[in-house]
There are 2 protein chains.
Amino acid sequence: MSALPAGSPNRRDRLRAETVQEIKDTARRVLVQRGVDGLSLRAVAREMGMTAPALYRYFSSRENLVENIVVDLYDELCAELGQAVDAARPATPPVQLLAASRAFRRWATTRRAEFGLLFGSAGDGLLPDVSAPADAPETPVQEAAGRFGGVFGGLVAAIYLERPFPTPAEKDLDPALRAQLVAWCRTLPVELPIGAMRVFLSCWIRLYGMVCMEVFGHLKFALDDAESLFEDELRQLAELLGVADAYATVERA
Amino acid sequence: MSALPAGSPNRRDRLRAETVQEIKDTARRVLVQRGVDGLSLRAVAREMGMTAPALYRYFSSRENLVENIVVDLYDELCAELGQAVDAARPATPPVQLLAASRAFRRWATTRRAEFGLLFGSAGDGLLPDVSAPADAPETPVQEAAGRFGGVFGGLVAAIYLERPFPTPAEKDLDPALRAQLVAWCRTLPVELPIGAMRVFLSCWIRLYGMVCMEVFGHLKFALDDAESLFEDELRQLAELLGVADAYATVERA
DNA sequence: CATGATAGTGAACGGTGTTAGCGAACGGCG
DNA sequence: CGCCGTTCGCTAACACCGTTCACTATCATG
């Protein structure tokens with residue numbers, strides 16, 4: 001038991017980290033080529049000239065491998081959003097939010113299989129949440145999802161703090177809803193009016209719904225190309241946040 | 001080849017139909033208990049005291065069995081919506097739409113596994129649509145999904161025809177979006193202004209997004225119980241359709 | 001009754017996730 | 001350097017999966 005206090009990058013640890021990365025990269029390639037169901041440990045191992053049991057030296061199960069990939073994907077998505085935010089000109093929160101939204105859709109439509117893993121019903125077991133104890137610690141996947149949500153949340157918060165958009169009065173909200181929003185707000189770094197959190201949820205529901213429907217093919221009954229609808233929704237969201245002027249000044253690229 | 005001109009319910013055909021039904025019922029039970037991945041032909045067969053190969057006398061593959069279940073689920077969902085619509089009092093389109101929306105959420109949250117099969121990313125292959133020829137005939141699943149969409153579409157249409165809600169002017173819509181909406185409109189039984197179709201899509205996106213997020217657990221980062229948010233969204237949709245009065249008159253059940 | 005369609009069986013093929021046991025390579029330490 | 005424990009990858013194996021095949025009962029019908 002060589003309890004190295006971390007720090008020193010043993011040659012062995014370095015090789016191990018490289019192998020872990022190669023496995024995840026290969027798995028992701030298999031995921032894209034063969035789909036979620038085709039993502040088998042044996043296929044991954046085959047692709048890198050190994051055998052399936054060897055993968056268990058690095059991941060405790062197929063499920064664990066998938067979870068690690070999901071976390072990586074969330075972080076990659078966050079990075080891509082951050083890049084779009086940084087590149088947005090003018091560098092104002094409204095324009096940045098539009099850029100992030102477009103980057104989100106682009107990422108989703110470009111990497112359909114990965115998106116399905118993160119936001120669809122396939123990735124996480126559908127049922128376990130029922131039995132999950134309320135005080136369970138957050139899983140790495142949930143943490144990564146939280147970081148992702150924070151990108152949009154932070155931008156909407158910045159927009160509000162700079163120029164408050166109209167929000168429903170706290171008194172007009174259903175008590176049950178208000179109580180939950182208050183509890184949620186307490187877990188966040190910034191403090192916003194409850195009504196603003198409600199508006200944020202509305203925006204996120206529409207963005208999520210729009211992109212999900214497009215990627216999962218549930219919009220084909222009406223439209224072949226959903227981009228124009230997406231842009232129109234984006235325009236409406238900008239109006240909702242009182243930043244329609246920002247939408248008007250940004251070309252659709 | 002006894003080419004009975006249909007009509008006569010041979011004893012044999014009756015038994016066969018019963019077996020088909022039993023297989024589908026059993027499969028659905030397995031789906032609920034074991035999840036999508038646990039829905040195996042062998043498990044179904046085991047549960048009914050048969051062997052897996054025997055199922056191939058009734059369904060050409062596991063995929064085919066799942067497709068048939070999906071169609072049944074769509075129809076069951078439609079029936080449930082229709083029941084809610086019929087039971088709505090007063091029997092006016094706005095109240096009926098609210099009833100249908102609530103029934104949709106109730107069905108989804110009550111049958112999570114089934115909902116994931118219909119509206120998530122697991123059921124239909126994620127990629128084949130890319131290679132699907134544009135002139136391919138509609139699959140039974142697509143037809144069933146169309147019947148489902150028609151319920152909400154019909155109600156929104158009825159609301160508009162009775163008391164037109166505000167719609168964006170056709171001239172203000174992006175040409176690409178307008179063209180697609182026009183093409184879609186031509187495939188429908190009723191003729192509505194293009195702007196009304198746009199509003200319908202907006203409503204559907206929000207309803208779908210809301211229910212999907214709740215069922216797939218993507219709302220847990222903010223809320224424990226999504227019902228109050230759902231009701232608030234519903235109220236906003238009613239306002240969008242100019243029927244806020246109908247929402248106010250209906251208790252939340 | 002004889003015939004042919006039908007519904008079920010068990011065996012088998014190739015695939016999967018996963019575990020157990022073995023040997024070879026490797027890094028740290030006396 | 002040589003020892004020794006850890007790590008790593010392998011093969012073999014188990015249980016399960018979808019699917020095909022050959023075979024046998026059953027049963028309605030000519």
Side-chain angles (χ1 to χ4, degrees), chain A residues 1-24 26-27 30-31 33-69 117 122-125, chain B residues 1-24 26-27 30-31 33-69 117 122-125:
Chain A
M1 222 17 152
S2 65
L4 281 188
S8 81
N10 291 7
R11 178 187 125 86
R12 219 162 192 169
D13 292 3
R14 191 167 38 81
L15 285 183
R16 183 180 174 83
E18 278 174 16
T19 306
V20 165
Q21 192 55 48
E22 185 184 348
I23 293 174
K24 292 197 286 192
T26 310
V30 172
L31 165 67
Q33 287 172 347
R34 307 259 219 273
V36 184
D37 295 333
L39 175 48
S40 70
L41 292 184
R42 285 188 151 95
V44 173
R46 217 179 297 128
E47 192 111 351
M48 39 190 299
M50 290 179 57
T51 61
L55 298 181
Y56 282 79
R57 301 284 179 191
Y58 304 91
F59 298 94
S60 61
S61 67
R62 188 197 112 112
E63 177 71 12
N64 180 251
L65 170 59
V66 171
E67 279 176 15
N68 274 273
I69 293 178
L117 217 51
D124 27 22
Chain B
M1 217 27 160
S2 66
L4 283 187
S8 83
N10 292 5
R11 179 185 122 88
R12 218 163 195 170
D13 291 3
R14 190 167 39 80
L15 284 184
R16 183 180 175 85
E18 278 174 16
T19 306
V20 165
Q21 192 55 48
E22 186 184 346
I23 293 174
K24 291 197 288 192
T26 309
V30 172
L31 164 68
Q33 287 173 347
R34 306 258 219 273
V36 183
D37 295 335
L39 174 49
S40 69
L41 292 184
R42 283 188 152 97
V44 173
R46 217 178 299 129
E47 193 110 350
M48 351 179 357
M50 290 179 57
T51 59
L55 299 181
Y56 282 79
R57 300 284 175 190
Y58 303 91
F59 299 94
S60 60
S61 67
R62 186 198 116 113
E63 176 72 12
N64 179 251
L65 169 59
V66 171
E67 279 176 12
N68 273 274
I69 293 177
L117 216 51
D124 28 22

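Sequence lines set the chain letters: A, B, ... in the order given, protein chains first and strands last, and positions in each chain run from 1. Here the structure is a predicted model, which means the values were calculated and not measured.
Straight-line distance from the CG atom of A:L41 to the P atom of C:dT18: 6 Å, rounded to whole Å. Atom C1' of nucleotide C:dT6 and atom CD of B:E18 are separated by 16 Å, given to the nearest angstrom. Remark: P of C:dT18 and CZ of A:F59 are 13 Å apart, rounded to the nearest angstrom. Computed from coordinates, the A:R14 CZ to C:dC26 P distance equals 14 Å when rounded to whole Å. Nucleotide D:dC17 holds its C1' atom 12 Å from the CG atom of B:L39, rounded to whole Å. One atom, CG of B:D13, and another, P of D:dA28, lie 12 Å apart when rounded to the nearest Å. Taking atom CG of residue A:L65 and atom P of nucleotide C:dT18, one finds them 10 Å apart after rounding to whole Å. The nearest whole Å value for the distance from the CG atom in B:L15 to the C1' atom in D:dA25 is 16 Å.
The minimum heavy-atom distance linking A:A27 with A:I69 is given by the pair CB-CD1, 3.4 Å. Nearest heavy atoms, B:K24 versus B:N68: CD-CB, 4.3 Å. Pairing each heavy atom of B:L65 with each of B:I23, the nearest pair is CD1-CG2, 4.1 Å.
The residue among B:A43 and B:S60 whose nearest nucleotide of DNA chain D lies closer to the 5′ end is B:A43.
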For nucleotides 7-14 of chain C, 5' to 3', base contacts (B), sugar-phosphate-only contacts (S) and non-contacts (-) with protein non-hydrogen atoms under 4.0 Å give BBBBBB--
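Judged as a side-chain hydrogen bond (donor to acceptor under 3.5 Å, both in side chains), and not counting sequence neighbours, the contacts of B:Q21 are B:D25.
Rounding to the nearest 0.5 angstrom, the gap separating the CG atom in B:L117 from the CD atom in B:E67 is 10.5 Å.
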Under 3.5 Å donor-acceptor pairs involving side-chain atoms of residues 46-61 of chain B, not counting sequence neighbours:
unit_1	atom_1	unit_2	atom_2	d
B:S61	OG	B:E63	N	3.4
B:S61	OG	B:N64	N	3.1

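A sub-4.0 Å separation between OP1 or OP2 of D:dC17 and a side-chain N or O of B:R46 is present.
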